[in-house]
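We count ligands from 1, going down the list as the structure has it; atoms in each ligand are counted the same way. Predicted model, so just to flag it, every value in this text is computed and none were measured.
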Amino acid sequence: MSSEKARETVTEPEHEEDANDSDSSEVEEITTAGAGPSEPSTSSKKKKKKRSKVAKAINMLKGKEVPQQVVDQVLEKVQEQHGDVPGADEATVRALLEQLKINDVIQGKAGLGGKNKKDAGDHKFWATQPVPHSNEDRGEEDGFIEPSKPREEVRQDPYPLPKDFEWSIIDIVDPVQIKELYELLSANYVEDDQAAFRFQYTAEFLEWALKPPGYHKEWHVGVRVSSNKKLVAFISGVPITLRVRNHTVHASEINYLCIHKKLRAKRLAPVLIKEVTRQCNLKGIFQAIYTAGVVLPTPVSTCRYYHRTLNVPKLVDVKFTYVPRNMTIARMIRQYKVANTPHLARAGLREMEDRDVSAVAELYARYMQRFDMVPLMSPEEVQHQFLSGRGRGERDAATGRRDGQVVWAYVVEHPETHKITDFISFYSLPSTIMGQKQHKLLEAAYLFYYASDVAFQDGADERGLLKHRLQELVGDAVIIADQAKFDVFNALTLMDNPSFLQDLKFGSGDGLLNFYLYNWRTQPLAGVNPTDDRPVGKGVGVVML
Ligand code: MYA
């Protein structure tokens, strides 16, 4: 997993005529989840009551998204006490409240979505692990927390499991076993807070994600019931070479930790984590990267989900998004309508092919120097990440999708020089819609890696050249996803994403994704929040599947 599914807050243009103008930044944010109008009141009794309501609501911020009621009440209070204050508008107040909440999360003071409110000391398992236990525990210098061990000093036997269960290495090449994994995850993997959506990784996706070049089958760790061999738990690692600031770290990317719903809260997760750690150690790997919606000790960065609505009626039907007050569904459809063909088609945008691998690998490596934590990819890894998941057979004429396609990758080839100037990719990760008769699957596209050589021009950032190019490039990815019948296009506040999300009408979601490093100290990296020396996004250049 890489992410928690999140409902959307809706963006609405101030003027309807701005709706199709992708350059328009005149978007006002309206959060509808938990929204409710507040009663105007004048009597002092009512005021007192309201103040205590405000205090209560503000307390809610510790664990939940900022409710509309809080924003409305803060605005009213400001108005009451100070009259018209420049900048005291809804969007600013919401942004400030969100910021307060996110700062708390990053400093480990608050949990998210009420799901994890433990103090660092209450983490019985995590307290024993080589991870920073607070941001103060990160030291001055980047480096390991525990030294690596020679192979013979690594524990040779698997950790004991409760009786009736046994370890089972899952062979991803075997269609029967990949189906078993698919079935475990489809019924038991990550859900949103309201249990309305659950990730539904396809068998093709899992095969793509778990078999990068140099993968180790021993890092695909399953647990079965001894008597009937039913697969009931799983965790995986795949090799990844990270650059974290100026260090190269050979690590494992840990993902798809899942325990059957009937076996929860029995302390099985720590056993799975220790066993995959042992398997990594046996291959000489002592560092890892992982992401989770829950707050554990201690995120190195946190990013927020953003959602670009494509299929308005369906997203409204399944309550992924809402029709805001003062808005109609027809206006919303117009607002989110996208062009029929990608704008860069004339500039040489086409699907990436095998012959582009070395050019894309070079462009990727140079572009990713912009960020503090990035995967370093060999040409074989580039081939795998962007091409091996492209599906079977011909593309369907209507949707442009191939059978079993999980990743979409495009390049811009300069029409005269034939140089590859840009590339862009996204992947498909549907979610099961629970308790809905009409719609069973939410088709979501997720922004993956991209690069543009505009970044290497003088003043690319200062003069807004890169921002403009990325808007075109990602805007085209959104158009391609729309043609391929995706319902929504998701992205996080990492890499250069914050520069174009709003202009491309992505709305802020209520989900945050925490990034963690195992056995590696480094100062916090800029994600949804800037750090002292880096703006938002620039710390994180890793997209986890
Ligand atoms: S994140 C996706 C996680 N999966 C899901 O959310 C799917 C649905 N949920 C479940 O299947 C279960 O609830 C899970 C927990 C399996 C999550 N990451 O067995 P328990 C700690 C790490 O009684 P259960 C992903 O895949 C929790 O704080 N730890 O709990 C990345 C507590 O410890 P402590 C977690 O609910 C995974 C302990 O587990 C997580 O039955 C990265 C309770 O265990 C979590 N997401 O099962 C794993 N959730 O008392 C770390 C709970 O200390 C990798 N816990 O608070 C580390 C690097 C390893 C490799 C190193 C190589 C060198």
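At a heavy-atom cutoff of 4.0 Å, ligand 1 is contacted by no atom of Y516, backbone or side chain. Under 4.0 angstrom from ligand 1, the non-hydrogen atoms of K266 all belong to its backbone. If you look at Q129 next to ligand 1, there are no close heavy atoms at all, none under 4.0 Å.
Proximity to I254 (heavy-atom distance under 4.0 Å) selects the following atoms of ligand 1: 42 (C), 54 (C), 58 (C), 59 (C), 60 (C). Atoms of ligand 1 found under 4.0 Å from any heavy atom of N188 (numbered from 1 in listed order, with element): 7 (C), 8 (C). Close contacts of ligand 1 with Q287, meaning ligand atoms under 4.0 Å from a residue heavy atom, involve 63 (C). Taking every non-hydrogen atom of I285 and a distance limit under 4.0 Å, the qualifying atoms of ligand 1 come out as 63 (C). Listed by atom number, the atoms of ligand 1 under 4.0 Å from F125 heavy atoms are 33 (O), 34 (P), 50 (O), 53 (O). Heavy-atom proximity to C258, at under 4.0 Å, picks out these atoms of ligand 1: 11 (O). For ligand 1 and F286, the ligand atoms under 4.0 Å from any heavy atom of the residue are 63 (C).
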Mind listing the side-chain donor-acceptor pairs of residues 538-545 below 3.5 Å, one per line with the distance, residues two or more places apart or on another chain?
| unit_1 | atom_1 | unit_2 | atom_2 | d |
| --- | --- | --- | --- | --- |
| K538 | NZ | D496 | OD1 | 3.1 |

List the atom pairs, donor and acceptor, that lie under 3.5 Å between side-chain atoms in residues 164-179 and the rest of the protein, sequence neighbours left out.
| unit_1 | atom_1 | unit_2 | atom_2 | d |
| --- | --- | --- | --- | --- |
| E166 | OE1 | K229 | NZ | 3.2 |
| E166 | OE2 | K229 | NZ | 2.9 |
| W167 | NE1 | Y159 | O | 2.8 |
| S168 | OG | R224 | NE | 2.8 |
| D171 | OD1 | V173 | N | 3.0 |
| D174 | OD1 | V176 | N | 2.9 |
| D174 | OD2 | Q177 | NE2 | 3.1 |
| Q177 | OE1 | D171 | N | 2.8 |
| K179 | NZ | E183 | OE2 | 3.2 |

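The distance criterion of under 3.5 Å between nitrogen or oxygen atoms is not met by V190 with respect to ligand 1. Looking at A292 next to ligand 1, no N or O pair under 3.5 Å apart turns up. Of the N or O atoms in D122, none lie within a sub-3.5 Å distance of an N or O in ligand 1. Distances between N or O atoms of L268 and those of ligand 1 include at least one value under 3.5 Å.
Formation of a donor-acceptor pair under 3.5 Å by the N514 side chain with backbone atoms of T302 is not found in this model. Here the side chain of H260 pairs a donor or acceptor atom with the backbone of K262 at under 3.5 angstrom.
Residue T291 places a heavy atom less than 4.0 Å from ligand 1. Residue T277 places a heavy atom under 4.0 Å from ligand 1.
A donor-acceptor contact under 3.5 angstrom links the side chains of T531 and D533, judged on distance only. At a cut-off of 3.5 Å, with distance as the only test, a side-chain donor of T432 or Q200 sits close to an acceptor on the other residue. Side chains of R278 and N281: no donor on one and acceptor on the other come within 3.5 Å. For the residue pair S431 / R198, no side-chain donor-acceptor distance below 3.5 Å is found, with atom types taken as modelled. For the residue pair Y518 and Q129, a side-chain donor N or O sits within less than 3.5 Å of a side-chain acceptor on the partner.
Atom 61 (C) of ligand 1 has its nearest heavy-atom neighbour, among Y290, Y518, Y256, in Y518. By heavy-atom distance, the residue among C280, A288, A265 lying nearest atom 30 (O) of ligand 1 is A265. Comparing S148, A269, G293 against atom 39 (O) of ligand 1, the shortest heavy-atom distance belongs to A269.
Between F423 and Y364, the two ring planes are tilted [angle within 30° to 60°].
Residues R390 and E204 are not paired through a salt bridge, judged by the lack of any N-O separation under 4.0 Å between the basic side chain and the carboxylate. Look at K261 and E191 and you find a salt bridge, because one of the NZ, NE, NH1 or NH2 atoms lies within 4.0 Å of a carboxylate O, short of that distance.
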